[in-house]
Amino acid sequence: MERTLIIEGAQADPIATHEVRGGGGLRLHVREWGDPQGSPIVFVHGWSQSQLCWSRQIAGPLAEDFRLVTFDLRGHGMSEQPLDPARYVDARLWADDLNAVIEHLALDRPTLVAWSYGGFVVTDYLAVFGDAAIAGVDLVGAAVLRTPGFEHIGPGLLENAGDACGPDLPANIAAVLRFLRACTVRPLSDHDWGTALCWNMVVPPAVRGALFAREIDNDDVLSSLSVPVLVTHGRADAIVLPAMAEHVMGVCPTARASWYEGVGHLPFMEDSGRFDRELAEFAGQVG
């Protein structure tokens, strides 16, 4: 057991660490991994999460062939965490964040991997800057549509978001624990569970709440894309429902689906071998 935990806890060393000024001058923490000469892949994490969620990818076979870039979204992880809700409701700020990462690192036509809320961030970017500077997009359990009724969002998030965004710490912790349990079909390992709990609790509840404050509809962006889109989604996702992926398939002419049976909201952790193979094939084809 001890040996297994050591292997699970092992971390790759970044080849570079950057402080990038995103939208409105907000400080973003960015790290690079893998082959600096490889085709670039930029990973965009989700609501209340961290770039630490990509630990399997940065330490796995993808790092042998690709230049991997991870960063913490505004308000998350090691990036700046202002509490003013106005710093989170403007789509242009999110677009500028991602564009700043791409430009600061001089990334040549990267593949964008957008998980969960990262789908909003990537489509915000595409709405402002278009798709000419990127090679393709992998939407991983990604949200691209936020309606008043949250029709495409599952109970794993909706039933816990209120307490997760509130000021009461015991209720906050309990909600995050329930949310994490709902993210996967099978329980995470002790190491992954503990690390995920820590990176979730680093995000201020006020920031979590601010991310819910805007309605988003980027169907016009998706319908006009010219680059390939891979839609990676767990059939058992209780956070962003499979209906969201089906919606993308209906509006995006360049999209193709990769469904994960028996997998929830974390296909890159729940079936990292398949996820890495498919992402390598996709990035290799479009890059």
Side-chain angles (χ1 to χ4, degrees), residues 11-34 40-59 67-107 110 112-126 128-129 134 140-143 161 164-165 172 176 179-180 183 195-214 216 266 268-269:
Q11 293 292 322
D13 293 324
I15 58 175
T17 300
H18 307 269
E19 182 179 282
V20 174
R21 293 291 169 173
L26 185 140
R27 178 183 53 78
L28 301 171
H29 185 83
V30 184
R31 294 187 171 190
E32 292 186 69
W33 319 81
I41 301 176
V42 181
F43 295 87
V44 187
H45 69 74
W47 175 84
S48 190
Q49 304 305 304
S50 160
Q51 63 180 295
L52 294 172
C53 70
W54 307 111
S55 60
R56 284 169 169 75
Q57 285 64 54
I58 62 174
R67 181 185 181 191
L68 308 179
V69 177
T70 63
F71 70 102
D72 290 318
L73 295 181
R74 57 177 50 228
H76 295 68
M78 292 177 280
S79 290
E80 192 175 348
Q81 299 181 345
L83 298 182
D84 180 1
R87 305 295 292 274
Y88 302 96
V89 296
D90 185 347
R92 180 61 192 249
L93 293 175
W94 294 100
D96 286 345
D97 285 352
L98 182 51
N99 186 61
V101 172
I102 293 172
E103 290 196 342
H104 184 91
L105 276 64
L107 302 178
L112 306 180
V113 179
W115 171 48
S116 200
Y117 197 93
F120 292 143
V121 178
V122 167
T123 50
D124 287 339
Y125 165 84
L126 293 169
V128 175
F129 297 100
I134 66 168
V140 184
C165 299
N172 198 263
V176 170
F179 167 73
L180 282 177
C183 279
T195 307
L197 176 61
C198 289
W199 77 53
N200 271 269
M201 295 309 298
V202 163
V203 181
V207 172
R208 297 193 196 111
L211 267 62
F212 279 104
R214 59 184 182 128
I216 305 169
L266 305 177
F268 52 90
M269 295 182 72

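All values derive from a computational prediction rather than experimental measurement. Scope of the values below: all heavy atoms of this structure, side chains included, with no hydrogens, waters or symmetry mates.
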Establish, from distance only, whether the side-chain atoms of His29 and Arg27 form a donor-acceptor pair under 3.5 Å.
-> no
Answer with yes or no whether the side chains of Trp47 and Ser116 bring together a donor and an acceptor at under 3.5 Å.
-> no
Distance, nearest 0.5 Å, that separates [atom1] of [X] from [atom2] of [Y]:
X	Y	atom1	atom2	answer
Ile41	Trp54	CD1	CH2	10.5 Å
Leu126	Leu98	CG	CG	8.0 Å
Ile58	Thr70	CD1	OG1	6.0 Å
Phe71	Thr17	CZ	OG1	15.0 Å
Glu80	Leu26	CD	CG	4.5 Å
Arg21	Asp96	CZ	CG	14.5 Å

side-chain contact (heavy atoms from CB on, under 4.5 Å) partners for Ala206, two or more places apart = Leu83
Results of side-chain contact (heavy atoms from CB on, under 4.5 Å) for Leu105 - residues two or more places apart only = His18, Val20, Val30, Glu32, Arg67, Val69, Leu107
Do you know the tightest heavy-atom contact between [X] and [Y]?
X	Y	value
Val44	Gly118	CG1-CA, 3.8 Å
Pro82	Val207	O-CG2, 3.8 Å
Val128	Ala95	CG2-CB, 3.7 Å
Ala164	Val176	CB-CG2, 4.5 Å
Ala213	Val89	CB-CG1, 3.7 Å
Trp199	Leu52	CE3-CB, 3.6 Å

Residue list, side-chain hydrogen bond (donor to acceptor under 3.5 Å, both in side chains) with Ser48, at least two apart or on another chain | Asn200, Arg208
Apply side-chain hydrogen bond (donor to acceptor under 3.5 Å, both in side chains) to Arg87 and list each qualifying residue two or more places apart in sequence or on a separate chain.
-> none
Among Leu28, Val202, Leu211, find the residue that satisfies the side-chain contact (heavy atoms from CB on, under 4.5 Å) test when tested with His76.
-> Leu211
Examine distances only and state if a side-chain atom of [X] and a backbone atom of [Y] form a donor-acceptor pair shorter than 3.5 Å.
X	Y	value
Arg74	Gly22	no
Gln81	Pro204	no
His45	Asp72	no

Close aromatic pair by centroid cut-off 6.0 Å: Trp94 and Tyr117 | yes
Using the side-chain contact (heavy atoms from CB on, under 4.5 Å) rule, take Asp97 and Leu73 through it: C-alpha gap first, then chi angles, then the decisive distance, then the call.
-> CA-CA 8 Å; Asp97 285 352; Leu73 295 181; over 6 Å; no
Any Leu197 side-chain heavy atom under 4.5 Å of Leu180 side chain = yes
Evaluation steps, side-chain contact (heavy atoms from CB on, under 4.5 Å), between Phe268 and Cys53 | CA-CA 9 Å; Phe268 52 90; Cys53 70; 4.1 Å; yes
Results of ring-ring contact (aromatic ring centres under 6.0 Å, His included) for Tyr88 - residues two or more places apart only = none
Would you list the pairs meeting salt bridge (charged side-chain N to carboxylate O under 4.0 Å, His left out) in which at least one residue belongs to residues 114-124, sequence neighbours left out?
-> Asp124-Arg214
